[in-house]
Amino acid sequence: AGIATQAVVERRLLEEEKKSRHDLGREGLVKRIWEWKEQYEQRILGQLRQLGCSCDWRRLRFTLDDQCARAVRETFFRLFQDGKIYRGKRLVNWDTFLQTAVSDDEVFKEPVKGHFWHFKYPVIDPRPGEPTHVTIATTRPETMLGDTAVAVHPDPAAALDGAVEALSRKRREAPAKEHGVIDVQIEAISGRRQTILPQLIQLRDMAHRGVKLRLPLTDREIPLIADEWAKPELGSGAVKITPAHDENDYAVGQRHPAIGAINIMNPDGTLNDGVPTKYRGLKMHTSARAAVIADMEAAGLFNPETDREDREIELPHSDRSKTPIEPYLADQWFVKMGALQHGQPKGMAIPKGYAKLSESPDGNMLVETPGLAQSAMDAVSDGRVRIVPERYGKTYLDWLGEKRDWPVGRQLWWGHRIPVWTRTFQNKTEREIVWKDALEVARQERNDEGNGCELYHEWNPDTIAGIAFVCINEGYPDLEAKAESLGFVREPEVLDTWFSSALWPHSTLGWPDETPELKAFYPTSTLVTSRDIITLWVARMVLAGLYNMGEVPFREVYIHPKILDGYGETMSKSKGNGVDPLDVIDKFGADALRFGLAYMATETQDVRMPVEFECPHCASVIPQTKKNRTLPQIECEKCGKAFGTQWAQSHGSEDDKRLPRGAVVSERFELGRRFCNKLWNASRFSLMNLEGHKTATGGRGEATKTATTGRGFMLEDRWILSRLATTTGQVTEALEAFRFADAARLLYAFAWNDFCDYYVEMTKARFAIPEQRPAAQRVLAQVLDALLRLLHPIVPFLTEEVWQLLARVAPNRGLAPTAIKASESVCIAAWPVADAAAIDAEIEAQFADFQAVLGAVRELRMGQNIPPREAVEFCVRCNEATAELLRPMQPYFLQMAKATPTGWGPRVTPPEVAASSSISGGRGGIEIYLDVSRFIDVGAETARLAKVLEQLRGFAKSMEAKLGNESFVSRAPAEVVQQQRDKLAETHGQITSMEAALAKLK
RNA sequence: GGGCGAUUAGCUCAGUUGGUUAGAGCGCUACCCUUACAAGGUAGAUGUCGCAGGUUCGAGUCCUGCAUCGCCCACCA
């Protein structure tokens, strides 16, 4: 509902119907915007649904619907009553053609040929030896009529030195060919120490003395002031200050409030009553400029021969009307962010949160209300609202700490119209009439609660000209009618979008009514948002929530990373580098998109995502570059046909828009797609093999005792259950801490590397053995069940589908002794709880030994180039305990490495012709000997062993060096030293056996 | 101008309180269509952890400076 919305609709209106908003009128335009909004709302909601966002769609709200509008008006009214809303002045970008303020976003700068004009301003009563004139330079001569000061630098010598230093620095970094140009600049500035510095120092001293100048063409005297904005290295070193018509001058005015500001422009760009009569009505940069120049020349203060330079000027233009922008001091509504002081009558209780500042002898008090900004700062400082990652708390606090008042009015038609009616008066008599009428409006209020109407007026103490305000709350149409009948006019402006957005957490729940929803859901738990609106939205929600509800709107704020394009730049429509999620969903699926995003959502970093265009004709992909992303059409390198781009949809011609559009895709989502595919296949396998699944009858001990009979739980069962329990705990922890990437990575590793690569693989052998089948089925169903639940928040569609299928073959889940009927849908299934009893470090270590032996066998096979289909034999030398554990794993070696173990234990005899490997683990090392008598490639094995030995020796050497270092041994913690010693001993053992194997080969 | 972040394999990124010779995915190489999955499996190659100092027995990790890139803010939504 922002400024962009109106701008888009206006642009389309102009393009398609050649109409401006004035042709339609306020109501007509707002109606059009509503239509546009309905259309895009459907599109956005469609995107959310396709993404699988699990929202309570019955509670859909829009910040401009009636319920939110009521909350907005109530809030504005309360703030107005509290004196927290006031009218002030603010410098805006004024479009004199459209007669509206435009945002900075809608301003573009264009170089225009212009001039630098040097004017002389006479000094009033200079002392002997002091200059009689000050020369100023300007590109906008007509603004001199609004000058309120002339500034010189407070320390011109230092400023000159600084400028020289900055240039020297630039010279050092610049390529040699630019040195000449920079040298000239340095020389020019250095030269100024002799030429104008003495005079600048003189002027500075005059400024400190309070010397005034006569502003030519007017009867005004303006002060000479010292301010750092005046750059001694530029122009004459003195600069005219026009606070009402220049941004930088406005800032100077803020630093020197005494100089004031004079607005010399009417909204249509003509000069107003603030200038001498003869200039009134002239156009700022045309007729007024010519008149000022002519008169300055006539006054002898400007010589067109010598005082005019040609110069290229970066002139700001309005993006909408393409006419030059005038900085303009406009009336503006503000919300007070700082503390406010009130008088408080004697005897009245001081409201909570107010501070008593003083008390007069008669007992009346001066109290201070806490400022809105401070209240929101406190909520974060004391932890009522926690921002994650923590560092963003600084952004929030720094911004609020400035306590800058919030300008809430916008020169738009689309939004919540400010509920204030005004009427101006010119003198004391009129003021009395107007105020009497205002009171008349207030009297219309039928109840006495005073929550329907609030009055206020302000005037210039000299002229008694001013304005009266009547603020009317929602639900008092009779007051509105009365106000209008008495000549009060409603403010045309609407409120800043963020004003209504700030109320979101409570306005959507029915506030100001005390609805059951409000009671149930406020404060909410977590806000998830982007860091660029921490100040604009998050801070405002907190302060609005505290103000209206007396309670923070949410407990936690999670700031997510941003997806950037391949160049690390923010995506935007104008850059043409955006990605439509629907493109990604089409090609990769919503689950892959979600998993990919979760996987990328790390805490510290934004995500760089290079994208490609997919040719709609031949499906070949073309990398997106800065060049081709803003072309109206792209020619496919492969098939030669042209296709359209997303950018062309808003910037291209009608022909361009009709071209088939190339989808924007990114291989970053391949990971998610592969993962989902893997999961789907693993699920299919499980479902195929769960026929006859029964929940356990084996009793409580089953899960914690390893069976040797083959009927109960085997090592791998206990291992996968242990891994599942560990993973469940870690994933839960990661999600609770908003570490989504960790959660995704943990689940990826568990599902792929543990579940698919090992557990599922091992069940194949067991399903072939009838007595082993039930236990394997139980564990398989159990692990799949838990995995689906763990993955569901990230991969909702696939998990739900599998869940439904799983319910058919295994309606009841769980291990002994309790089996539970599965929930109807995985999205309402309970979150898995990590079964602490299942976590078994011993089992995991033993299983790691199995994996290491299996890996060694596979590696030896590869080293000898043994064809995968060939069966081989091997034996393992290890201690008896390890042998005991590994022996039952025999079938898996056959299945997973096509290798049959022939012996286990400390006394095995290696085969005559062997390829061997020594691995750590199994408490004392494990040696694997692969019988390669039929395949022996002595050269390959020798080379492999030599390489392994080289690595081991290098490793041993570095450890020996470390242990030989006296200070390491004496200063490092004992366990670290011991760890090194143990490792070294083990490495020496490995070296010995590898050396023996190598010797045997020769 | 102010604030924040990043810099690790060809690419995109992990790397928890400092402690074995730094990891993943993609890409690359070799072999394999093994009955869930070739969108797969097994094995392999690939790094002056941006640069320069410092603290420490020990630094990708902590400190300082520099460089490069990016984001936010600068009375804009």
Side-chain angles (χ1 to χ4, degrees), chain A residues 2-4 7 90-93 101-107 173 247 250-251 254 332 334 389 391-392 394-395 398-399 402 404-407 410 496-498 530-537 561-562 564 566-570 592 599-600 602 604-610 666-668 670-671 673-689 739 741-742 745 748-749 756-757 760-761 764 855 858-863 865-869 895-898 951-952 954-955 957-959 962 965-973 975-977 979-980 982-984 987:
Chain A
I3 194 166
R90 175 165 163 249
L91 201 68
V92 296
N93 301 308
V102 296
S103 71
D104 286 355
D105 289 349
E106 295 172 288
V107 172
E173 289 156 16
E247 273 193 49
Y250 183 73
Q254 299 289 89
Q332 182 72 243
F334 288 89
R391 63 176 182 278
Y392 290 116
K394 188 174 158 54
T395 309
D398 284 356
W399 186 80
E402 290 180 36
R404 210 152 39 198
D405 292 345
W406 176 12
R410 292 293 177 270
D496 179 10
T497 322
W498 300 109
S530 174
R531 61 165 177 270
D532 39 2
I533 49 175
I534 291 171
T535 53
L536 299 164
W537 194 34
K562 278 174 80 166
L564 308 174
Y567 300 97
E569 294 173 14
T570 308
Y599 194 89
M600 291 188 260
T602 55
T604 50
Q605 233 172 201
D606 285 337
V607 179
R608 195 178 281 224
M609 193 174 83
S666 173
E667 65 172 30
R668 299 302 310 276
E670 285 289 349
L671 174 87
R673 181 167 66 171
R674 285 172 212 269
F675 180 62
C676 290
N677 187 57
K678 187 76 178 173
L679 270 176
W680 176 247
N681 283 310
S683 303
R684 268 180 51 210
F685 171 85
S686 306
L687 295 166
M688 278 160 51
N689 287 289
R739 287 185 283 107
D742 284 356
R745 283 160 212 257
Y748 183 95
C756 292
D757 288 352
V760 167
E761 211 53 47
K764 288 177 184 171
R858 284 168 166 172
E859 194 189 329
L860 292 172
R861 287 189 67 121
M862 286 301 251
N865 265 319
I866 299 173
R869 231 164 297 159
Q895 192 202 326
M896 298 169 83
K898 196 99 177 153
Q951 268 175 6
L952 288 170
F955 189 25
K957 201 175 158 192
S958 81
M959 280 187 289
K962 201 178 260 186
N965 182 346
E966 177 52 33
S967 43
F968 171 71
V969 178
S970 59
R971 295 197 200 195
E975 68 261 28
V976 173
V977 177
Q979 199 182 20
Q980 288 287 307
D982 294 348
K983 192 72 202 168
L984 181 60
T987 307

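A, B, ... follow the sequence lines: proteins, then strands. Residue 1 opens every chain.
- Spacing of P atoms, G25(B) relative to A14(B), comes out at 16 Å, to the nearest Å.
- Only the P atoms considered, G47(B) is 29 Å distant from C63(B), to the nearest whole Å.
- Counting atom types as modelled, K764(A) pairs a side-chain N or O with a base atom of A36(B) as donor and acceptor under 3.5 Å.
- Taken from CZ in R608(A) to CE in M600(A), the straight-line distance is 13.5 Å, to the nearest 0.5 Å.
- Here the CD-OG1 distance, from E402(A) to T535(A), works out to 10.0 Å after rounding to the nearest 0.5 Å.
- Looking at heavy-atom distances under 4.0 Å, L671(A) makes contact with sugar-phosphate atoms alone, never a base.
- In this structure, the CG atom of N681(A) is 10 Å from the P atom of A36(B), given to the nearest Å.
- The side chain of P868(A) approaches C31(B) more closely than any other nucleotide in the set A36(B), C31(B), C71(B).
- Under the 3.5 Å distance criterion, with hydrogens and angles disregarded, a donor-acceptor pair is assigned to the side chains of N681(A) and R684(A).
- Smallest separation of non-hydrogen atoms from A682(A) and C756(A): CB-SG, 3.6 Å.
- To the nearest 0.5 Å, the span separating CD on Q979(A) from CE on M959(A) amounts to 10.5 Å.
- Base-pair partner of G58(B): not found among the strands shown (Watson-Crick or G-U wobble, both distances under 3.5 Å).
- The distance from atom CZ of R391(A) to atom P of G2(B) is 20 Å, rounded to the nearest whole Å.
- Among the atoms of the strands shown, none is found under 4.0 Å from any heavy atom of P867(A).
- Here the nucleotide nearest the side chain of P973(A), chosen from U20(B), G19(B), A24(B), is G19(B).
- Comparing the P positions of G65(B) and U48(B) gives a spacing of 27 Å, expressed to the nearest Å.
- Pairing for G40(B) is with C32(B), a Watson-Crick or G-U wobble pair whose two hydrogen-bonding atom distances lie under 3.5 Å.
- Annotation: A45(B) and G5(B) have their C1' atoms spaced 34 Å apart (nearest Å).
- Remark: S530(A) OG to K562(A) NZ distance equals 5.0 Å, nearest 0.5 Å.
- Base engagement by N677(A) is indicated by at least one non-hydrogen atom pair under 4.0 Å involving a base atom.
- Nearer to the 5' terminus of RNA chain B, by closest-nucleotide assignment, is the contact made by G855(A) (compared with the other of G855(A) and W498(A)).
- Between T602(A) and the phosphate of A14(B), there is a side-chain N or O to OP1/OP2 separation shorter than 4.0 Å.
- Pair assignment for A22(B) gives none, since no Watson-Crick or G-U wobble pairing has each distance under 3.5 Å.
- Residue-level contact check: E761(A) touches the bases, meaning some heavy atom is under 4.0 Å from a base atom.
- Within the nucleic acid shown, K898(A) has no heavy atom closer than 4.0 Å to any nucleic acid atom.
- Out of C31(B), A36(B), U42(B), the shortest distance to the side chain of V760(A) is found at A36(B).
- Across all strands shown, R745(A) has heavy atoms under 4.0 Å from sugar-phosphate atoms exclusively, and none from any base.
- Remark: U46(B) base-pairs with no nucleotide in the shown strands. Criterion, Watson-Crick or G-U wobble with two distances under 3.5 Å.
- For the C1' atoms, the distance from U55(B) to G15(B) is 22 Å, rounded to whole Å.
- When the P atom of G40(B) is taken as reference, atom CG of L679(A) falls 13 Å away, rounded to whole Å.
- Base-pair partner of C69(B): G5(B) (Watson-Crick or G-U wobble, both distances under 3.5 Å).
- Atom CZ in F685(A) sits about 10 Å away from atom P in C37(B), given to the nearest Å.
- Between R869(A) and C33(B), a side-chain N or O to OP1/OP2 separation shorter than 4.0 Å is present.
- Atom C1' of C13(B) sits at a distance of 15 Å from the matching atom of G60(B), rounded to the whole Å.
- Distances from the side chain of E859(A) to the nucleotides A43(B), G19(B), C72(B) place A43(B) closest.
- Remark: C1' of G5(B) and CZ of R608(A) are 13 Å apart, rounded to the nearest angstrom.
- Counting non-hydrogen atoms under 4.0 angstrom, E966(A) reaches nothing in the nucleic acid.
- The CD-C1' distance, from Q951(A) to U20(B), rounds to 14 Å in whole Å.
- Rounded to the nearest Å, the gap between the C1' atom of C26(B) and that of C66(B) is 34 Å.
- Judged by the 6.0 Å and 45° rule, K678(A) forms no cation-pi pair with Y748(A).
- When both distances must be under 3.5 Å, the Watson-Crick or G-U wobble mate of C75(B) does not exist.
- For F968(A) and U56(B), the CZ to P distance is 17 Å, given to the nearest whole Å.
- With both ends at atom C1', the span from C49(B) to C4(B) equals 23 Å, rounded to whole Å.
- Atom-to-atom, CG of D757(A) to P of A24(B) comes out at 13 Å; the value is rounded to the nearest Å.
- The shortest distance between side-chain heavy atoms of W498(A) and W406(A) falls below 4.5 Å.
- Pairing for A14(B) is absent, with no Watson-Crick or G-U wobble pair whose two atom distances lie under 3.5 Å.
- Comparing M688(A) and P610(A) along RNA chain B, the residue whose closest nucleotide (by nearest heavy atom) sits nearer the 5' end is P610(A).
- Within the nucleic acid shown, C676(A) has no heavy atom closer than 4.0 Å to any nucleic acid atom.
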